[in-house]
A.B. asks: 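Below you will find the structure I want to go over with you.
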Amino acid sequence: MMAERTHKQKPATERTDEVVEEAAPARSESGEKLKGELDDLLDEIDEVLESNAEDFVKSYVQKGGQ
Amino acid sequence: MAIPKVCGIETEYGVVVRGGDNNPVSASSMLINAYVNATSRKIGWDFEDETPANDARGFNLDDVFAPDIETSLVNAVLPNGARYYVDHAHPEISNPETTTAAEAVLWDRAADEIVRASMTYAREVMHDGAEIVIYKNNSDGKGNSYGCHENYLVSRDTPFGRIVAQITPHFVTRQIYCGAGKVGCEQPGREPGEVAFQLSQRADFFEEEVGLETTLKRPIVNTRDEPHCDPQKYRRLHVIVGDANMSEVATYLKVGTTSIMLAMIEDNELGDEWLLASPVSAIRQVSHDPTLQRTILLRDGRRVTALEIQFGLLERARKYEQTHGLEVVGDEVGRDVLVRWEQVLTGLERDPDSTANWVDWVAKRRLVDGFAARHDLQPGSAKLKAIDLQYHDMRPDRCLALRAGLATMVDPADAVAAMTEPPTTTRAYFRGRCLQKFPGEVVAANWDSLVFDIGRDPLRRVPMMEPLRGTAQHVANLIDQSATAAELLERLGA
């Protein structure tokens, strides 16, 4: 099943080069760079995350909708 | 035969008042009134479908300068062709009709900006630093859900049973790239902690395969038959099974892949290869499995993963493109959707984390897991649920999704323009332009009609039963050349 699928996708991969301009989800960065990014992100979350998480989560109650 | 996939997204937002009375209905009304009062004359939504309603009149002449706290239910039409109103106890924006996934994403982003502006305007009329905070999510983590619905125009000729059977495998499995992610579990009968993290906000709430309900016993395929256009020719497939996405690419893929699937079903080119033995348990199982490794039982006895089904649907879509083209979803957009669809599946297959810039649940999980590791938190910690909720906080200074490194497709300036400009490709253009140019004479609007008061005679209703008429190409000149609504109606022969 997997082999057959890979085979059939070949033409698609060729077309990819023509159409896509922006970064595909595949990341080529090194693991270390990714980790650095995540560290910066977590620093930011430390700053902006609701200070009293327990109260915030408890009081976040919505009425059911559609 | 497949017909153009006119489409649109409607989002019910979570709403919280901080530092004030936390009544969601009055808060939603206040939020919308604050926006409408600050930006335009209020045009009411018309609930009448066919009758030239004199009673529409009183309904629509609300005082422009509503009191600060307005508790009556609000129902406004915006100059971009959207409807902005209170639904149940949530503010909701129903985006204008569009013709491609790219347009749907643009007006979804415009809705984000409308909500952000609304919060700012509401803060100005509230006192003592109270504020209304909006969350673009679908669950409160306590068993209450609210929807992000998609709508697609489908041909009345297509047997509904075929749509139900053949679209279900897509609805059950597309969450692997359009799930918005959730900390915990809300499936009835299970403990919140039984699932640490799942792909979808909504999957826990689906209990039926097909049905009319939207608030209880929600079905994977909703049967609401309210086309808002010519019912002899069209259906509006009302899709309630999706999540609200913060990722633009996820919204694009959600609408783009579903549009292609529906065109294929209309042309009877999708087939029954992937029919599921038990869709309701499958949709939860897929959502509860971030490894993407568990298999689903098909009706023909095979067991396959959600990824295998998605690869199978993609392969059929590629064949369809070869034999039928993708004009009904927009050729260029359709081809780009196929490319990105393959990229996201390939990325998910190799390493889900590689899709963190496209896929909301992956981006969110990265934050949750990273934060847990840094602070040595156990699953079940309130801080992790707080990250989940705050991912969807629409305040730019608080929103975690905006910080998560998601790729964008829409130029921010275009999103701002789309707050007040309608799509040019559907009847939303006529609706939006008339509201812009003749705000004093349009007294009510609906998806399929506009009601004018030109100062004499009864109110005049202009029906818009064809979603693809009233486009810029059809009516831009007419509107430009008409100094008054009366002139426009004359030119239209209405």
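So that the names make sense, note that chain A is the first sequence line, chain B the second, and so on, each numbered from 1.
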A.B. asks: Who passes side-chain contact (heavy atoms from CB on, under 4.5 Å) against A/Asp46, sequence neighbours left out?
C.D. replies: B/Phe371, B/Arg374, B/His375

A.B. asks: Between B/Asp369 and chain A, which part of the residue has a heavy atom less than 4.5 Å away: side chain, backbone, both or neither?
C.D. replies: neither

A.B. asks: Does any backbone or side-chain atom of B/Ser139 lie under 4.5 Å from a heavy atom of chain A? Answer side chain, backbone, both or neither.
C.D. replies: backbone

A.B. asks: What part of A/Leu41 gets within 4.5 angstrom of chain B, counting heavy atoms only: side chain, backbone, both, or neither?
C.D. replies: side chain

A.B. asks: Before accepting this row, confirm whether a basic side-chain N of the pair A/Lys58/A/Asp55 lies closer than 4.0 Å to the acidic partner's carboxylate O.
C.D. replies: no

A.B. asks: Among the options B/Ser145, B/Cys399, B/Gly141, pick out the one with the most heavy-atom pairs lying under 4.5 Å from chain A.
C.D. replies: B/Ser145

A.B. asks: So what's closer than 4.5 Å to chain A heavy atoms on B/Leu216: side chain, backbone, both or neither?
C.D. replies: neither

A.B. asks: Check whether A/Glu54 gets within reach of chain B through its side chain, its backbone, both or neither, counting any heavy atom under 4.5 Å.
C.D. replies: both

A.B. asks: Contact part of A/Asp39 toward chain B, heavy-atom cut-off under 4.5 Å: side chain, backbone, both or neither?
C.D. replies: both

A.B. asks: side-chain contact (heavy atoms from CB on, under 4.5 Å), that's the test. Do B/Asp204 and B/Lys182 meet it? Break it down for me.
C.D. replies: CA-CA 10 Å; B/Asp204 284 336; B/Lys182 182 165 77 178; 3.0 Å; yes

A.B. asks: What I want to find out is whether A/Glu50 reaches B/Arg395 closely enough, with some N-O distance under 4.0 Å, to be called a salt bridge.
C.D. replies: yes

A.B. asks: Report yes or no: do B/Tyr146 and B/Asp87 form a side-chain donor-acceptor pair below 3.5 Å?
C.D. replies: no

A.B. asks: Measure B/Asp397 against the heavy atoms of chain A and call it side chain, backbone, both or neither at under 4.5 Å.
C.D. replies: backbone

A.B. asks: Okay, side chain of B/Asn138, backbone of B/Ala244: is any donor-acceptor separation there less than 3.5 Å?
C.D. replies: yes

A.B. asks: Please classify the contact of B/Leu400 with chain A as side chain, backbone, both or neither, using a heavy-atom distance under 4.5 Å.
C.D. replies: side chain

A.B. asks: Counting only non-hydrogen atoms closer than 4.5 Å, does B/Lys142 touch chain A with its backbone (N, CA, C, O), its side chain (CB onward), both, or neither?
C.D. replies: side chain

A.B. asks: Looking at B/Thr215, B/Asp140, B/Val362, which has the largest count of heavy-atom pairs under 4.5 Å with chain A?
C.D. replies: B/Asp140

A.B. asks: In chain order, what residues pass the side-chain contact (heavy atoms from CB on, under 4.5 Å) check against B/Ala27, with sequence neighbours excluded?
C.D. replies: B/Val15, B/Val17, B/Ile132

A.B. asks: Using only heavy-atom distances, determine whether the side chains of B/Asp388 and A/Tyr60 contain a donor-acceptor pair under 3.5 Å.
C.D. replies: no

